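Everything quoted here is computed from the prediction, not taken from an experiment. To find a chain, count down the sequence lines: A is the first, B the second, and so on, and within it residues start at 1.
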Protein chains: 2
Amino acid sequence: MDNKESGSEFRILEAARKVFHQKGFEGARMQEITDEAGINKSLLHYYYRNKENLFEAVFNESFSQLSSRIFEIFTSDLPLKEKIPGFLSYYMNFLLDHSYIPWFIINSIYEKPDRIKNIFTNFGISPKEPIEKLHKQLLEEYVVEIDPVNFFINILSLCIFPVIARSLIGQLFGMDEKKLKEFYNGRITKTSEFLLNSLQGYKK
Amino acid sequence: MDNKESGSEFRILEAARKVFHQKGFEGARMQEITDEAGINKSLLHYYYRNKENLFEAVFNESFSQLSSRIFEIFTSDLPLKEKIPGFLSYYMNFLLDHSYIPWFIINSIYEKPDRIKNIFTNFGISPKEPIEKLHKQLLEEYVVEIDPVNFFINILSLCIFPVIARSLIGQLFGMDEKKLKEFYNGRITKTSEFLLNSLQGYKK
DNA sequence: ATTAATTTTGACCAACTGGTTAAACCAATT
DNA sequence: AATTGGTTTAACCAGTTGGTCAAAATTAAT
């Protein structure tokens, strides 16, 4: 029986993901996870020896999701005019579907900074190649000297911050969930235009 | 005796600020705050009845710092060409000096979403006037239709996210504290250029 | 059917949490 | 010297936390 989707171990991980994503390591309670999974607390310790173990399973999974495709896309061969809209469409939609992940990752690092020691090397992530590619493309396609690292961070900022600050933004501009959804969908193409126009602006 | 700077009450608030900023409400331990303040735990409850009380004192202070001058600046009468660099210089430098505050505020809201119910009205903050002003200036000074709300969020994103993700960025690009400091100082003018160039790019 | 291995459970625990209480301290007033 | 008021302390508490343990239930193998 390969009931991977209904087995206890899987259900525990699912429940842990849900609770950790919303509350973080410190805020999460083991009891809440077992309740969510509908199992006995001891069973949780049977599969995942302790809280840290269970957390790591969730953290690694989420970090991988958040970081994996980014550099692939930037290393690809499309011109920036297509690459940037392509990336924003993919990444912003991903973030909207997994809106808890950015806060979860950043919060985890604030709680325990050691968590990112060697994390990029462990995940086989190196910014060197994609940043060089970006640098080259900026020069060739727009003939301008922009620091590619700053430009890259700008892109991530425009994608991630609005997701993290969602409820703050909703409150500030008096938007309910429905309006927020519209707003964030609209942002995808608008942010593309914004980024490409910024490159245009450097030209003269 | 107006020993405001050495009195117990003041020292407790200072210690609370330090601990809450780094650990958040859930992560902070009352014991750690009293240790940091060098006083007995009961004394803390003598001045601030409970944890929530003490936390609110810190939260309100920090939220006020983070949000107060923003809208003043945007409502002022400078042209965007000066206003944007002026704002970035002021705000990014403020964030570098208080790098814990953005995460602290956002985290506090994740922990207890009610915290922002009415927070803007309580602090007398309304985005209406500054956003209208921004809209008008974008049209008059750059003759382009940009959604001012999106543009405003873009500015905040470019300022705040890099501060929140500082250790992640340092790790990714292999920057130590010294290099990070240089990088963030360089970002101030670069982000100004970036924003102003984006407006230029819309023109044609 | 009996054994063996795996999975699940309830009862329990030591450590820690925010918070209370009553007594001690101390400066100022009488 | 005694009283008063605010300040500070040590000892203590009830509830919660992550985690353990041995027994029970279930499944697989002989």
Going by heavy atoms in the side chains, are B:Tyr110 and A:Phe104 under 4.5 Å from each other?
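Contact flag for B:Tyr110/A:Phe104 side chains = no.
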
Do B:Val58 and B:Val19 have side chains that get closer than 4.5 Å, going by heavy atoms?
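Contact flag for B:Val58/B:Val19 side chains = no.
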
Classify the angle between the aromatic ring planes of A:Phe20 and A:Phe25 as parallel (below 30°), tilted (30 to 60°) or perpendicular (above 60°).
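Rings of A:Phe20 and A:Phe25: parallel, under 30°.
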
On a heavy-atom basis, which atom in A:Pro148 and which in A:Leu134 lie closest, and how many Å separate them?
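Shortest heavy-atom contact: O-CD2, 3.6 Å.
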
Taking only nitrogen or oxygen atoms into account, show me every contact under 3.5 Å that the protein makes with nucleotides 20-24 of chain C, one pair per line with its distance.
residue : atom : partner : partner atom : Å
C:dT20  : O4   : B:Ser42 : OG           : 3.2
C:dT21  : O4   : B:Ser42 : OG           : 3.3

How long is the line joining [atom1] of [X] and [atom2] of [N], in whole Å?
X: B:Met30; N: C:dA15; atom1: CE; atom2: P; answer: 23 Å
X: A:Leu43; N: D:dC21; atom1: CG; atom2: C1'; answer: 15 Å
X: B:Ile33; N: C:dG19; atom1: CD1; atom2: P; answer: 10 Å
X: A:Glu9; N: C:dT8; atom1: CD; atom2: P; answer: 10 Å
X: A:Gln31; N: C:dT17; atom1: CD; atom2: C1'; answer: 17 Å
X: A:Tyr47; N: C:dT9; atom1: OH; atom2: P; answer: 10 Å
X: B:Phe55; N: C:dT17; atom1: CZ; atom2: C1'; answer: 17 Å
X: B:Leu44; N: D:dT7; atom1: CG; atom2: C1'; answer: 14 Å

Are A:Lys83 and A:Gln137 close enough that a side-chain donor and a side-chain acceptor fall under 3.5 Å?
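Judged by distance alone, the side chains do pair up.
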
Return a table of donor-acceptor pairs under 3.5 angstrom between the side chains of residues 71-81 of chain B and protein atoms on other chains or two or more places apart.
residue : atom : partner  : partner atom : Å
B:Glu72 : OE1  : B:Arg69  : NH1          : 3.3
B:Thr75 : OG1  : B:Phe71  : O            : 2.5
B:Ser76 : OG   : B:Ile73  : O            : 2.7
B:Asp77 : OD1  : B:Lys133 : NZ           : 2.5

Counting only side-chain N and O atoms of A:Tyr46, is one of them less than 4.0 Å from OP1 or OP2 of C:dT9?
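It does not, given that no N or O in the side chain of A:Tyr46 lies less than 4.0 Å from OP1 or OP2 of C:dT9.
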
Does a side-chain N or O from B:Arg29 land closer than 4.0 Å to OP1 or OP2 of C:dC16, or not?
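Looking at the OP1 and OP2 atoms of C:dC16, neither is under 4.0 Å from any side-chain N or O of B:Arg29.
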
Give A:Tyr48 one of three labels, base, sugar-phosphate or nothing, depending on what nucleic acid heavy atoms sit under 4.0 Å from its own.
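The residue A:Tyr48 makes no contact with any strand.
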
With rounding to the nearest 0.5 Å, note down the distance linking CZ in A:Arg17 to OG in A:Ser62.
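Rounded to the nearest 0.5 Å, the CZ-OG separation comes to 7.0 Å.
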
